[in-house]
There are 2 protein chains.
Amino acid sequence: MGQKNTLFTVSEQTGYSVSTVSRVLSGKARKYRISREAEEKITAEAERLNYQPNLIAQTLRTQQSKTIGLLIPSVDNPFFATLSGIIIGILNAKGYHTLLADSRESGKDEVQELRMFMSRSVDGIICIPASSTPEFHEQVSSQIPLVLIDRHFKSTSLSYVCTDNYAGARMATEYLLGKGYKSILAIQGVPDSMPNRERVRGFKDAIGVHGVAFSVVGDAFSVENGKREVLSAFSGAQKQFDAIFAFSSTILLGAIDSLRRLGLRPGKDVGIISYDNNGFLDFMDPAVTRVEQPLREAGQIAVDTLFEIMDARRAGRPDPPSRQILIPPTLVVRGSC
Amino acid sequence: MGQKNTLFTVSEQTGYSVSTVSRVLSGKARKYRISREAEEKITAEAERLNYQPNLIAQTLRTQQSKTIGLLIPSVDNPFFATLSGIIIGILNAKGYHTLLADSRESGKDEVQELRMFMSRSVDGIICIPASSTPEFHEQVSSQIPLVLIDRHFKSTSLSYVCTDNYAGARMATEYLLGKGYKSILAIQGVPDSMPNRERVRGFKDAIGVHGVAFSVVGDAFSVENGKREVLSAFSGAQKQFDAIFAFSSTILLGAIDSLRRLGLRPGKDVGIISYDNNGFLDFMDPAVTRVEQPLREAGQIAVDTLFEIMDARRAGRPDPPSRQILIPPTLVVRGSC
DNA sequence: AAGGATAGCACAATCGTTTGCGCAAAACTT
DNA sequence: AAGTTTTGCGCAAACGATTGTGCTATCCTT
């Protein structure tokens, strides 16, 4: 049942042509002056056959797939997973479906996946970019509405909605400094990504004013990276730090793990502050002071922006002015520093 | 660039017919005896034009979309999100893309989404079912290869790969009992779902042997549910428990939150054990003893099983024998009980 | 009763690919 | 030189839907 029945089946069973059936079933009966009688017979038969339109054929014909492509740098990262979940939920509610792809933090893979989205005629794309330059995204955007989320590019007309990572990192760092910490280790994520660069900038600017010791290390938003960097920074005759700023909760976990291995108590021997929202952070030992980002709001704005572009293009209007939004994050104070 | 160029464009530019171009570009040049010369010219021109096949048209014609539908009960639940991530990763590596949908734990929505998958001509479906009966899934399965994961139905020929929830819950409960706890509160998730039922059964069977006090409450795999049930079980003149078995890590968080509100120390005043893997559980206060499920293995088996069915059907062979797998979970002992 | 208006529907092209079949020219046979 | 085989490619149908255009009854008008 289901997929087997096409307009043609209904057409055969009712004696009406495929075109008439199509018009009735897509709600255009009035517009095309189809008789009540025909309308009822056709609707009844479609019901009986459990007719479902073939979205593939529909897409080919109308160039509208009711599908949005969502491209993220890593499905494994809980931060991206959470954000994806939020976006998928919003899209579902709008009757859109989501094709989810993973660029594995690789610019090459990202281009691949974007090409794929185009081949699949997605109606729009939401992307957390992995590339360091916006050229390809801009090309894509000229064909398919595209908005960036979480990460953006320096000079581009692409619309984006991110959180203010500079402000967030600066706020976190100043909080640490206010607590009297004297040497701070920042463990960063993917160095080239805009949020990371902004966080580094915020961190350094905050430090700059006070002139305490610091170091920025690391290269990935992963648990492994957190482990590795803490091990190499705290073991042996290395320089020691009295506080750590983890740029993501995954990094945080790795860092804590290594601290414990080294016999250091996170939050006591070493102050801890982190980026990212995660329900678990409140239940850790100690609960982690952190910079939270309003993800739901960001997701909503991204979707809204995307749909505005889509609507405009469909109506033949010019794109709405590029919207580049930085949402302020929040410092959530707990007991880890 | 990109999407605009079709076989027809390349055909026009090279002077060869659309069919020849198609055969060359889909690697069937040899099979159809296309001359080297034609092949080279066409390939070069396609390259130059940056030709990308239109997957929608391809799907319509070949009935193969290279897309798998993944249906989960809730994108918000980190457990499902993690499992989804794993599956999407595996599929990506196989060159398949994933349409991710959310049934919101509703049988109605699930049917909707499955219909949608059929309309979209997905090549296969992986599903964590929300319905209580398998009828519709079986209907779908007769049209599109489908395997269940994490949850299954009582008597069905559908293939599934789940973890042994009975064994897991029994193991956890026996561990609690071994520790001397005398009254245990089990906070369950969605009552009708098979994993939940199995866990309840494992819990009760374990209890049965020892005859200690117990209660099974709750109705959702959510933080809220955990909060609510602990509040109502521990506040006022209510019966008190000396241990809690949370059927998911989300429930666990809620439970801990309420315990703390009530001035009870999780792991000290009340023993805690949980279901679910989650990197954060090791960093909580105290680290949580839990039943972990081998998700990566489960995902891999599900995908493999799905592809075997897909291969068989494509080759016109009968479906391979239904594969119903229960993977044993692991008890990870920490300090919370 | 002849003419125009309108209602009600079907024809056929189209979206971009794939593929069975067939046809012409070249190459080979005897 | 006539027939046979092979080479190299194009025609056209098909996948399932949408939609501009046009055709035929019926109806109204006078």
Side-chain angles (χ1 to χ4, degrees), chain A residues 2-43 46 49-67 115 118-123 143 314, chain B residues 2-43 46 49-66 118-123 143 314:
Chain A
Q3 187 67 331
K4 305 295 283 253
N5 294 320
T6 70
L7 286 183
F8 182 75
T9 323
V10 180
S11 158
E12 269 189 317
Q13 296 299 315
T14 55
Y16 290 99
S17 77
V18 168
S19 8
T20 303
V21 174
S22 166
R23 298 198 240 248
V24 168
L25 296 182
S26 53
K28 308 206 184 73
R30 286 285 77 74
K31 179 176 168 196
Y32 285 96
R33 301 178 319 214
I34 310 292
S35 65
R36 282 268 176 234
E37 188 196 347
E39 186 173 2
E40 279 162 19
K41 280 191 189 164
I42 290 174
T43 323
L49 291 176
N50 200 354
Y51 167 79
Q52 297 286 128
N54 181 318
L55 290 190
I56 296 294
Q58 222 162 238
T59 300
L60 182 59
R61 178 59 224 242
T62 63
Q63 313 288 12
Q64 270 213 66
S65 59
K66 286 275 188 182
T67 307
R115 283 231 170 81
M118 297 177 70
S119 294
R120 287 180 187 266
S121 304
V122 298
D123 293 341
Q143 307 245 150
R314 267 206 282 268
Chain B
Q3 188 67 327
K4 303 299 280 257
N5 295 321
T6 72
L7 287 183
F8 181 76
T9 323
V10 181
S11 159
E12 269 188 317
Q13 296 301 315
T14 57
Y16 289 99
S17 77
V18 167
S19 5
T20 302
V21 174
S22 166
R23 297 197 243 250
V24 167
L25 296 182
S26 53
K28 307 207 183 73
R30 287 285 75 76
K31 179 176 168 196
Y32 285 97
R33 302 179 318 215
I34 310 293
S35 65
R36 283 266 176 238
E37 189 196 346
E39 188 175 1
E40 279 161 17
K41 280 190 189 164
I42 291 174
T43 322
L49 292 175
N50 199 354
Y51 167 79
Q52 295 288 127
N54 180 319
L55 290 191
I56 294 296
Q58 222 161 240
T59 299
L60 182 59
R61 178 60 223 241
T62 62
Q63 313 288 11
Q64 270 211 66
S65 58
K66 287 276 189 180
M118 298 176 69
S119 295
R120 287 179 187 267
S121 303
V122 298
D123 293 341
Q143 306 246 150
R314 267 205 281 268

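In what follows, every chain begins at residue 1, and chains take the letters A, B, ... in the order their sequences are listed.
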Practice problem: Grab the CG-P distance between Asn5(B) and dC15(C) for me, whole Å please. | Solution: 14 Å
Quiz item: Could a donor-acceptor pair under 3.5 angstrom be found where the side chain of Thr6(B) meets the base of dC15(C)?
Solution: no
Exercise. Please state how far atom CZ in Arg30(A) lies from atom P in dT19(D), giving the value in whole angstrom units.
Key: 18 Å
Self-check item: Test item: Arg30(B) and Glu39(B) side chains (from C-beta on) under 4.5 Å apart, heavy atoms
Solution: yes
Quiz item: To the nearest angstrom, how far is Ile34(A) atom CD1 from dT19(D) atom C1'?
Solution: 12 Å
Quiz item: Rounded to whole angstroms, how far apart are CZ on Phe8(A) and P on dC15(D)?
Solution: 9 Å
Quiz item: Once you round it to whole Å, what is the distance between C1' of dG16(D) and CE of Met118(B)?
Solution: 15 Å
Quiz prompt | Separation of dT17(C) P from Ile56(A) CD1 (nearest whole Å) | solution = 14 Å
Quiz item: If you look at every strand shown and take non-hydrogen atoms under 4.0 Å, does Ser35(A) touch a base, only sugar-phosphate, or nothing?
Solution: sugar-phosphate
Self-check item: Arg23(A) side chain, from C-beta outward: closest of dC9(C), dC9(D), dG20(D)
Solution: dG20(D)
Self-check item: Closest-nucleotide ordering on DNA chain D, the 5'-leading residue of Leu60(B) and Glu37(B)
Solution: Glu37(B)
Quiz item: Tell me: CZ of Arg36(B) to P of dG8(D), nearest whole Å?
Solution: 11 Å
Quiz item: So what does Leu7(A) hit on the nucleic acid, given a heavy-atom distance under 4.0 Å: a base, only sugar-phosphate, or nothing?
Solution: base
Quiz prompt | Phosphate-side-chain proximity, Tyr32(B) and dG20(C), N/O vs OP1/OP2 below 4.0 Å | solution = yes
Quiz prompt | Under-4.0 Å side-chain N/O to phosphate OP1/OP2 contact, Arg33(A) with dA7(C) | solution = yes
Quiz item: More than 12 non-hydrogen atoms from neighbouring residues, nucleotides or ligands closer than 6.0 Å to CZ on Arg36(B), yes or no?
Solution: no
Quiz item: So, Ser17(B) versus Thr20(B): side-chain donor-acceptor pair below 3.5 Å or not?
Solution: yes
Quiz item: Can you check side-chain hydrogen bond (donor to acceptor under 3.5 Å, both in side chains) on Thr67(A) and Arg120(B), steps first, answer last?
Solution: CA-CA 10 Å; Thr67(A) 307; Arg120(B) 287 179 187 267; 2.5 Å; yes
Quiz item: Where do Ser119(B) and Pro53(A) come nearest, in terms of heavy atoms and distance?
Solution: OG-O, 3.3 Å
Quiz item: Side chain of Ser19(B), base of dC11(D): donor and acceptor closer than 3.5 Å?
Solution: yes
Quiz prompt | Leu55(A) or Thr20(B), whichever maps to the more 5' nucleotide of DNA chain D | solution = Thr20(B)
Quiz item: What nucleic acid atoms does Tyr16(B) come within less than 4.0 Å of, heavy atoms only: base, sugar-phosphate, or nothing?
Solution: sugar-phosphate
Quiz item: Please give, in whole Å, the distance from dA17(D) P to Arg120(B) CZ?
Solution: 15 Å
Exercise. Measure from the side chain of Ser22(B), starting at C-beta and using heavy atoms only, and say which of dT19(C), dC9(C), dG16(D) lies closest.
Key: dT19(C)
